[in-house]
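A short worksheet on the structure shown next.
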Amino acid sequence: MSENIVVTTGIYDLIKDQIRRKRVSQAEEEILNNELRTAKQVLRRELPEDVVTVNRKVTIKDHTNNIEESYIFVDSNKERKKKGKYAITSDIAMATVGYKKGDVITWPFRDGERKIEILNVENI
C-alpha cells in the first residue's frame, strides 16, 4: 500500500468538502482525514498516470466478495452508472482516489468493510 495518497489540489478540496458537508460516514471521515493529513498535493500534469483520480478508468478486485469490476470516475454531474461512469464523490471513488495501481485498501463501505485492490488505472 502507498505511504501517502497523491491528489490534485482540486480533489483534495473536494474530499475536504465531502467531509465538511457530512456526505461520508464517521468511519470514512476518520480515514479520509488521516489520508489528507499526509497526502501529497500535485498539479494535474504532475499526477502519475497510475493514480486514481477523475477521468480515469479503474479496475478493482474486491477480495471480500471475490469480484473484479471496472469503473470510470467522472465529475459528479456526468455520472451514468449504467455506462460504468461513477461520480468521483461515489463510495468506491472516495475509497480509492489518490491510491495507485497495486495498492490494497480496507474500506468501511455502507454494506460492511471490504478489502479491495487496484488492478489497473488508465486515462480515458
Side-chain angles (χ1 to χ4, degrees):
M1 194 160 114
S2 295
E3 296 293 310
N4 303 321
I5 62 169
V6 180
V7 292
T8 61
T9 302
I11 295 294
Y12 181 94
D13 292 342
L14 179 80
I15 295 170
K16 288 294 265 187
D17 189 57
Q18 291 295 105
I19 294 168
R20 189 175 48 79
R21 293 173 182 245
K22 299 290 184 200
R23 296 210 171 132
V24 295
S25 70
Q26 186 65 42
E28 290 172 312
E29 180 179 336
E30 198 172 301
I31 292 170
L32 290 168
N33 275 325
N34 285 333
E35 288 177 348
L36 292 179
R37 219 170 274 122
T38 60
K40 179 179 178 187
Q41 290 186 57
V42 298
L43 297 173
R44 176 85 181 158
R45 68 178 176 270
E46 296 170 355
L47 191 68
E49 289 196 11
D50 66 345
V51 170
V52 177
T53 193
V54 70
N55 296 326
R56 299 236 167 122
K57 181 179 180 183
V58 182
T59 304
I60 295 168
K61 167 111 181 171
D62 182 334
H63 288 282
T64 307
N65 299 322
N66 202 27
I67 299 170
E68 193 175 303
E69 285 187 84
S70 290
Y71 303 87
I72 298 170
F73 295 140
V74 295
D75 290 328
S76 297
N77 61 343
K78 295 181 179 170
E79 182 174 63
R80 304 284 179 273
K81 288 184 179 176
K82 287 183 179 175
K83 293 184 176 185
K85 295 181 178 182
Y86 288 76
I88 195 65
T89 55
S90 66
D91 287 353
I92 192 68
M94 282 282 128
T96 57
V97 72
Y99 285 98
K100 65 181 180 7
K101 179 179 175 179
D103 285 344
V104 178
I105 306 147
T106 301
W107 192 260
F109 290 96
R110 284 169 175 62
D111 60 352
E113 191 171 272
R114 299 194 329 237
K115 182 178 173 183
I116 55 177
E117 179 180 0
I118 301 168
L119 298 178
N120 196 30
V121 179
E122 54 191 292
N123 284 318
I124 55 166

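The first residue in the sequence is number 1, and the count goes up from there.
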Please determine whether residues V6 and V121 belong to a single hydrophobic cluster, defined as Ile, Leu, Val, Met, Phe, Trp and Tyr linked transitively by side-chain heavy-atom distances below 4.5 Å.
no
Specify the closest pair of heavy atoms between D62 and I116, including all atoms of both residues, with the distance to one decimal.
CA-CG2, 3.9 Å
Do V52 and L47 land in one hydrophobic cluster if side-chain heavy atoms of ILVMFWY residues count as linked below 4.5 Å?
no
Determine whether E113 and T106 satisfy the following criterion, side chain to side chain contact (heavy atoms under 4.5 Å, CB included), listing intermediate values before the conclusion.
CA-CA 7 Å; E113 191 171 272; T106 301; 3.3 Å; yes
Rounding to 0.5 Å, atoms NE2 (H63) and CZ (R114) come to a distance of 12.0 Å
Regarding N123 and K57, is there a side-chain donor-to-acceptor distance under 3.5 Å anywhere?
no
Would you say E30 has more than 12 foreign heavy atoms packed within less than 6.0 Å of its CD?
no
Go through the steps to decide whether L119 and E68 satisfy the test side chain to side chain contact (heavy atoms under 4.5 Å, CB included), and finish with yes or no.
CA-CA 9 Å; L119 298 178; E68 193 175 303; 3.4 Å; yes
So how far is it from L43 CG to T9 OG1, rounded to the nearest 0.5 Å?
6.5 Å
Are L36 and V54 connected, step by step, through hydrophobic side chains (Ile, Leu, Val, Met, Phe, Trp, Tyr) whose heavy atoms are closer than 4.5 Å?
yes
Determine, stepwise, if the pair V97 / I5 fulfils side chain to side chain contact (heavy atoms under 4.5 Å, CB included).
CA-CA 8 Å; V97 72; I5 62 169; 5.6 Å; no
Taking the side chain from T64 and the backbone from K115, do they hold a donor-acceptor pair closer than 3.5 Å?
yes
Should the pair R56 and F73 be classed as cation-pi, given the thresholds of under 6.0 Å to the six-membered ring centre and 45° from the axis?
no
Shortest non-hydrogen contact from V7 to A39?
CG2-CB, 4.4 Å
When you check the side-chain N and O atoms of N33 and E35, is any donor under 3.5 Å from an acceptor?
no
Could you report the tightest heavy-atom contact between R44 and T8, atom names first, then the distance?
CA-CG2, 3.7 Å
Could you tell me which non-hydrogen atom of I11 sits nearest to which non-hydrogen atom of T53, and how far apart they are?
CG1-OG1, 3.6 Å
Who pairs with Y71 by side-chain hydrogen bond (donor to acceptor under 3.5 Å, both in side chains), at least two apart in sequence or on another chain?
E69
Grab the two heavy atoms, one from E79 and one from S90, that are nearest each other, plus how far apart they are.
OE2-CB, 4.3 Å
Spell out, as yes or no, whether a donor-acceptor pair under 3.5 Å connects the side chain of T96 to the backbone of I92.
yes
What do the steps show when you test Y99 against E117 for side chain to side chain donor-acceptor pair (under 3.5 Å), and what is the final call?
CA-CA 10 Å; Y99 285 98; E117 179 180 0; over 6 Å; no
Surrounding NZ of K40 (heavy atoms of other residues, nucleotides or ligands, distance under 6.0 Å), is the total greater than 12?
no
Minimum side-chain heavy-atom gap I118-K61 below 4.5 Å:
no
Do the side chains of S70 and V58 get nearer than 4.5 Å, heavy atoms only?
no
A95 and I105 have their tightest heavy-atom pair at O-CD1, 3.8 Å
With a 3.5 Å distance limit and no angle check, can you tell me whether D103 reaches the backbone of K100 through a side-chain donor-acceptor pair?
yes
Side chain to side chain contact (heavy atoms under 4.5 Å, CB included) between I15 and M94, intermediate numbers included:
CA-CA 8 Å; I15 295 170; M94 282 282 128; 4.0 Å; yes
Same cluster for Y86 and I72 if Ile/Leu/Val/Met/Phe/Trp/Tyr side chains link at under 4.5 Å?
no
Given the rule that I, L, V, M, F, W and Y join up when any side-chain heavy atoms are under 4.5 Å apart, are I60 and V74 in one cluster?
no
For residues 17-28, tabulate all N or O donor-acceptor pairs below 3.5 Å that involve a side-chain atom, not counting sequence neighbours.
unit_1: D17; atom_1: OD1; unit_2: R20; atom_2: NH2; d: 2.4
unit_1: D17; atom_1: OD1; unit_2: R21; atom_2: NE; d: 3.0
unit_1: D17; atom_1: OD2; unit_2: R21; atom_2: NE; d: 2.9
unit_1: K22; atom_1: NZ; unit_2: E29; atom_2: OE1; d: 3.3
unit_1: S25; atom_1: OG; unit_2: E28; atom_2: N; d: 3.1
unit_1: S25; atom_1: OG; unit_2: E28; atom_2: OE1; d: 3.2
unit_1: E28; atom_1: OE1; unit_2: S25; atom_2: N; d: 2.7
unit_1: E28; atom_1: OE2; unit_2: W107; atom_2: NE1; d: 3.2

